[in-house]
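The structure under discussion appears below in the form of structure tokens.
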Amino acid sequence: MKAGVIGAGAWGTALAQLLASDGQDVALWALEPDVVDAINAGHENPLYLANIPLSPSIRATGAMADLAACEMLLVVSPAQHLRRVVALAPAGVPLVLCSKGIEAGTSLLMSEVAQQARPGSPIAVLSGPTFAHEVARGLPTAITLACEDRGLGQRLAARIARASFRPYLSDDVIGAEIGGAVKNVLAIACGVAEGAGLGLNARAALISRGFAEMTRFGLARGARAETLGGLSGLGDLVLTCSSTNSRNFSLGKGLGEGARAADLLSNRRTVAEGAHTAPVLRDAARAAGVEMPVVEAVCALLADAAPLAAVIDALLARPLRPE
């Protein structure tokens, strides 16, 4: 399958590098002309994935029409821009959604957004514990590839799989998406614990109680518990809650050190998806009657609605309850 990638940030570039590792041509759509020029002229993306030599079979473009011949498109645009970007993509081509988030204003998952923006295009979701620079370097990685059409999922998996990149097939698209969206918010919380010096016990508590929140919300939206306990849920949660390589963890660490969210976000070129997802997730959980106190705490910090100490005290003062 001739492959294309929409979005030339760190993750999109890493996926293009993965797909090109067998020597096949890969079309990579980038918004920024300087990124297109750097990839085509120097086989590098210093803006988003520095110090990684890129395959010469990756051809960057700023024209979506250049992806018309692709038989598979990996969509890696920021979640809040996915609707606009997918609407521009060639019609009828299978879309593998690699963006993690929930759309503001609609509370729709990315697959639901794509179905509205490009009706008739088959949809799959790629999600799991993945740092872009490790995938680009060929380090061992396993992910969930979710697709309701099993035959299509198998064909996509065969095209994507590599010796060091192992896709596990699922038909639970909703579960794969919810894991990826919620873990970004929980990673901010774990970063706060790191920045505030709360210790590893606190981080472990946030991961486990956050996973309980993810599970409650996921089940309410129709996800399966085994998906949430797999690579796209628990696996991704553990990775992003453990390292400053995670943009969301790094954002939370800054909050824990006393910086204001607005200042931290204004100084970033890359997107910390959890900052955009948090208020949407909070509102969707409230509407569904799902209690998510860790998510509520992250929202309070992002909105500068309460001092850090007060937010921490409020979490610790919650009534005792059965696990």
Side-chain angles (χ1 to χ4, degrees), residues 11 78-80 82 97-113 125-131 143-144 146 170 172-193 203-243 246-252 255 261 271-303 311 315:
W11 186 216
Q80 302 309 320
L82 185 131
L97 307 180
C98 308
S99 307
K100 300 173 182 178
I102 304 174
E103 187 179 52
T106 66
S107 295
L108 294 178
L109 300 172
M110 297 295 96
S111 62
E112 297 166 331
V113 173
V125 167
L126 187 156
S127 190
T130 50
F131 283 147
I143 55 96
T144 298
S170 169
D172 185 8
V173 172
I174 291 175
E177 289 203 85
I178 285 177
V182 177
K183 65 89 186 179
N184 281 334
V185 182
L186 300 176
I188 295 175
C190 288
V192 170
R203 186 190 301 182
L206 284 169
I207 291 174
S208 57
R209 296 312 305 160
F211 179 64
E213 294 186 19
M214 176 193 291
T215 302
R216 288 197 295 268
F217 182 74
L219 295 178
R221 288 290 291 258
R224 295 201 300 265
E226 59 266 30
T227 308
L228 299 169
L231 289 162
S232 59
L234 182 60
D236 209 357
L237 178 65
V238 170
L239 180 70
T240 53
C241 289
S242 305
S243 171
S246 161
R247 293 187 291 264
N248 296 288
F249 185 93
S250 178
L251 171 63
L255 293 173
V271 177
E273 291 282 15
H276 301 287
T277 299
V280 185
L281 175 60
R282 175 200 60 201
D283 295 346
R286 289 176 179 175
V290 175
E291 192 176 27
M292 302 187 80
V294 176
V295 172
E296 295 271 359
V298 170
C299 288
L301 292 174
L302 289 171
V311 172
L315 275 177

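Reckoned from all heavy atoms, side chains included, excluding hydrogens, waters and symmetry mates.
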Considering non-hydrogen atoms only, spot the tightest contact between P78 and V271 and give its length.
CG-CG2, 4.2 Å
Atom pair OG/CG of S243 and N248 - distance to nearest 0.5 Å
12.0 Å
Do L206 and L186 come close enough that some side-chain heavy atom pair is under 4.5 Å?
no
N/O donor-acceptor pairs under 3.5 Å from side chains in residues 173-181, not counting sequence neighbours:
residue	atom	partner	partner atom	Å
E177	OE1	M110	N	2.9
E177	OE1	S111	N	3.0
E177	OE2	S111	N	3.1
E177	OE2	S111	OG	2.4

Grab the two heavy atoms, one from R203 and one from S242, that are nearest each other, plus how far apart they are.
NH1-CA, 3.7 Å
L228 CG to F217 CZ distance, which is reported to the nearest 0.5 Å
10.5 Å
Taking the side chain as every heavy atom from C-beta outward, state whether E213 and V182 have any pair of such atoms under 4.5 Å apart.
no
If you look only at pairs with a residue in residues 271-287, which of them pass as a salt bridge (charged side-chain N to carboxylate O under 4.0 Å, His left out), with sequence neighbours excluded?
R286-E296
Rounding to 0.5 Å, atoms CG (L255) and CG (L301) come to a distance of 6.0 Å
Roughly how far, to the nearest 0.5 Å, is the OG1 atom of T130 from the CD1 atom of I143?
8.5 Å
Only counting residues at least two apart or in another chain, list the ones meeting side chain to side chain contact (heavy atoms under 4.5 Å, CB included) with A205.
none
With T277, which residues qualify under side chain to side chain donor-acceptor pair (under 3.5 Å), at least two apart?
none
Closest heavy-atom pair, G274 versus I188, reported as atoms and distance to 0.1 Å, is C-CD1, 3.6 Å
Using every non-hydrogen atom in the two residues, find where A278 and L302 come nearest and quote the distance to one decimal.
CB-CD1, 3.7 Å
Donor-acceptor contacts under 3.5 Å from residues 101-109 side chains, at least two apart:
residue	atom	partner	partner atom	Å
E103	OE1	R83	NH2	2.8
E103	OE1	T106	OG1	2.7
E103	OE2	R83	NE	2.9
T106	OG1	L108	N	3.2

Quick check: do V192 and V298 have side-chain heavy atoms less than 4.5 Å from each other?
no
With salt bridge (charged side-chain N to carboxylate O under 4.0 Å, His left out) as the rule and sequence neighbours excluded, what pairs involving residues 215-242 come up?
K100-D236, E112-R221, D171-R224, K183-D236, R224-E226
Gap separating the CG atom of L239 from the CZ atom of F131, nearest 0.5 angstrom:
3.5 Å
Could you tell me whether a side-chain N or O of R209 sits under 3.5 Å from a main-chain N or O of V294, the two making a donor and an acceptor?
no
Which atom pair, heavy atoms only, marks the closest approach of T144 to S232?
OG1-N, 3.5 Å
Keeping S170 on the side-chain end and D172 on the backbone end, is there a donor-acceptor pair under 3.5 Å?
yes
Approximate separation, where rounding is to 0.5 Å, of S208 OG and L237 CG
9.5 Å
